[in-house]
Amino acid sequence: MIRNMIENDIKQNKLLSAATVFFMAISAMLLALTVLLACGLTGAIDSLMDKAVVPDYMQMHAGEADLSEIARFAETNEEISAWQISRFLNLDNSRLVLGGICLADSTQDNGLCVQGERFDYLLDLENQKPQVLPGEVYVPVCYRTKYGLEVGDVMEIGVEQLRIAGFLRDGQMNSMMASSKRFLVNAADYDAIRASEAANHKVQEEYLIEFLLQDGADTNTLAAAYVSERLPANGPAITRPLIRTMNALSDGTMIFVLLLVSIVIVLVALLSIRFMLLLQMERDRKEVGMLKALGVSKKEIRRLYAAKYLLFSGCGAFLGLLGAGLLKAPLARQLQELYGTDSGGFRSAVLALLAAAAVEGILLSSVLRSLKKTEKQSALEALFAPQKQKAERGQYFVIALVTAACTLLALVPQNLYDTMSDPQFVTYMGIGNGEIRMDVRQTQQMDAVTERIASALEKDAQVERYVVLRTVTCPTVRPDGSSVNLSVELGDHGMFPVRYSQGGPPRAKTELALSAMNAQELGLSIGATLPLIVEGERVDYTICGIYSDITNGGKTAKALAADSSAPAAWSLLYVSLKESAEKETWMEQYRQMGADVTDMEEYVADTFGQTLQQLRLASAAALAVASLVIAVVVMLFMRLIVEKNRYSISLCKALGFVGADLKRDYFTKGVRPVMAGICAGIVLGSLLGESLCGTALKSFGAESFRFVIAWEQVLVKIPAVLLGPAMPAILAGLAGIRSVKAYECCRGRE
């Protein structure tokens, strides 16, 4: 009997039944998709790092090194299970050509290496160690799509040519947010190119000093021991957790957006299903009354509704999981290209199933609570008498609330995309807001080249202002007494400042600004002191500022001067040109002087290319989902309003009003909450969305996050896209006015 009653009910209320299943399905789909992508990303990254045997601790060093001292340290330290020294031949990007495309404007430090002997392996697209023959090269996989490369294309390094034999995944430097990229070559080619490029002073060889630790060993303890031994450390130190975080950050932004969308949609579904249930009970008043008259208990009636919604929930969960499985492939295509497939597919499927079950459980619980509340009175009494005006205003408020929520979930990914693609976003990366960035790294005469460029800039009439910054490695002592190396950028940091969350740039010789993550790790705040070892002596520096930084693992520092005798790991110049300058011609001129010259807009696009591509996809998906949800909700609630106002509509028709006049009146009433919701959503998306994104980015070192808003998107594009389907949805919801007859009012209010 229950099955027959449910079947008849669904046939009589096809639209409400379909809408309920739709909300249950889309809620389950979005959360399950978020879980699938998150598990796929973390699983693929872990699988790649395990197969590549990524080091637990790596110290980069530019310059001469006493390798025997490193060997002594590694062999006497019980926490180290294996170690090796890999070489990285840093190339001049202006002499590097991939498939006919010169990499002169690349922001990456591109270099050659050979396969790791004991660990830190570079893998092919099958996650296997490739055998590189003489004359061949394996290119980072992120360059395949970026430059449209194929196997068989030619890579040129000056006069040398290598055939691209395949593409590689680098467990350490896979992400575009990693500032270096390794090309895998044969050992003979490595030696030949090193000799050829060294003759032209266009190359600098760096050491990657890598360690694997025993199970349970502390990376910080090893780092402190390494520093205390004063071993080669002219460059940043990188740990395995930091590598994992950097890999996840590039594509994790899209997953964060999907999670936000999932939460909003679940809340919208809760609200919508509750009111659809009220509408259903309003329509079923006579049937419910008849069942009660026949002696059917309230518990049995509640069980009847619960069985129907349990069926809807099962269908919604199935459709949601099916949709999540179909959408995962296109959304995860880039993840699979960069990291490979997730080895834990069964675990991902189980977690996605649990996520869908959790969503359906939440929605069913809401239905049961609503049923209990409405048992004592009919839906008609609850919604109409004696406060009909207030109840009707409540329905319009629901439309406005849902529209605001959907506008927020459409706006946040768009604002995040516009912010991260804006050149000013580099100030959250610990990078100055100059117009042009000039890197001097891949040369054996770094200081001489830097001085020559600075001298030319001083005399250049097209230059408005510039600054020269040198990065050195200085030992420092933590509050607990342990030692650590600090990457300190020296120069005038007030010229092109980064974003400071507290204080400001150093203005005195003994002032030091710390990145947010360094300040947190060292437990320091504004006004505290931090000792640096300068020219062999301890000098106390006062912390003057804390700034945002998501480069070099977010662990950097800035000072006017420190150890002038320490060799520079690299030099950096920021430049702003006058409006009359020919930027492209000017940049090409300075590239000839030995620097990598990059427009800051290109730098942002290059560094965040992977993230921006995923964000663009997530933004489009969020906008489509928001438009669909608004259309469904508006149509349903307008139908609910028409159903609840049948008596007054019939009375108006009896008094001579035609259906078109009534539609026009209700259409105006329906448009107002939609417009109000869009306006409220724009405000919430700019304020609350900024706070949510800032909280996520803060964990990576980006403090004081602020949206850079593209107002043409916020005020024109998104409202237009959301209003597009909302208007016909209102008309579809008002179609029921035509079926209301003028004589119905003669029956009185039921």
Side-chain angles (χ1 to χ4, degrees), residues 1-32 262-289 291-292 296-321 323 353-383 391 394-395 397-399 401-402 405 629 632-633 635-637 639-641 643-644:
M1 183 186 73
I2 292 179
R3 188 185 66 181
N4 292 334
M5 295 182 68
I6 292 175
E7 289 178 356
N8 292 332
D9 182 77
I10 293 175
K11 289 178 182 179
Q12 294 175 4
N13 300 280
K14 295 184 180 67
L15 183 60
L16 284 179
S17 299
T20 302
V21 173
F22 164 78
F23 279 111
M24 289 181 166
I26 198 169
S27 300
M29 181 192 74
L30 288 172
L31 193 58
S262 302
I263 294 172
V264 173
I265 291 300
V266 169
L267 295 176
V268 169
L270 283 170
L271 190 63
S272 301
I273 290 174
R274 177 181 180 274
F275 277 94
M276 284 189 289
L277 175 62
L278 293 178
L279 174 60
Q280 182 69 48
M281 295 190 71
E282 164 64 22
R283 289 183 172 182
D284 293 346
R285 280 189 313 111
K286 291 182 179 180
E287 288 79 358
V288 170
L291 289 173
K292 288 181 178 180
V296 180
S297 67
K298 294 179 180 180
K299 183 178 180 181
E300 292 296 327
I301 295 174
R302 186 167 70 245
R303 183 181 300 172
L304 175 64
Y305 278 100
K308 182 179 70 172
Y309 278 91
L310 184 61
L311 174 64
F312 290 163
S313 178
C315 294
F318 173 76
L319 294 175
L321 288 170
L353 181 62
L354 292 176
V359 169
E360 301 303 334
I362 292 171
L363 296 177
L364 282 175
S365 297
S366 174
V367 168
L368 293 176
R369 285 196 300 270
S370 297
L371 286 173
K372 288 180 179 179
K373 290 180 180 179
T374 54
E375 281 180 347
K376 295 181 180 180
Q377 57 182 351
S378 69
L380 183 63
E381 293 171 337
L383 294 175
Q395 305 310 300
F397 176 75
V398 170
I399 293 176
L401 189 63
V402 170
V629 170
V632 172
V633 169
M635 180 182 67
L636 284 172
F637 280 91
R639 288 198 62 174
L640 175 61
I641 290 171
E643 188 70 22
K644 287 161 52 181

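We use all heavy atoms of the structure for the numbers below, so side chains are in, but hydrogens, waters and symmetry mates are not.
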Fill in: Results of side-chain contact (heavy atoms from CB on, under 4.5 Å) for Leu401 - residues two or more places apart only
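Leu401 satisfies side-chain contact (heavy atoms from CB on, under 4.5 Å) with Leu271, Phe397 once adjacent residues are dropped.
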Worksheet item: For Ala355, what residues pass the side-chain contact (heavy atoms from CB on, under 4.5 Å) criterion, not counting sequence neighbours?
Response: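 side-chain contact (heavy atoms from CB on, under 4.5 Å) check on Ala355 returns Leu31, Val35.
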Fill in: Straight-line distance of Leu364 CG to Arg369 CZ, nearest 0.5 Å
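Between atom CG of Leu364 and atom CZ of Arg369 there are 11.0 Å.
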Discussion item. Nearest 0.5 Å, please: how far is CG in Leu321 from CG in Leu353?
Written reply: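 Answer rounded to 0.5 Å: 6.0 Å.
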Worksheet entry | side chain to side chain donor-acceptor pair (under 3.5 Å) contacts touching residues 309-318 (sequence neighbours left out) |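 As it turns out, the side chain to side chain donor-acceptor pair (under 3.5 Å) pairs with a partner in residues 309-318, which skip direct neighbours, are Ser313-Glu360.
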Just list the side-chain donor-acceptor pairs under 3.5 Å for residues 19-30, sequence neighbours left out, or say none.
unit_1 : atom_1 : unit_2 : atom_2 : d
Thr20  : OG1    : Leu16  : O      : 2.8
Ser27  : OG     : Phe23  : O      : 2.8

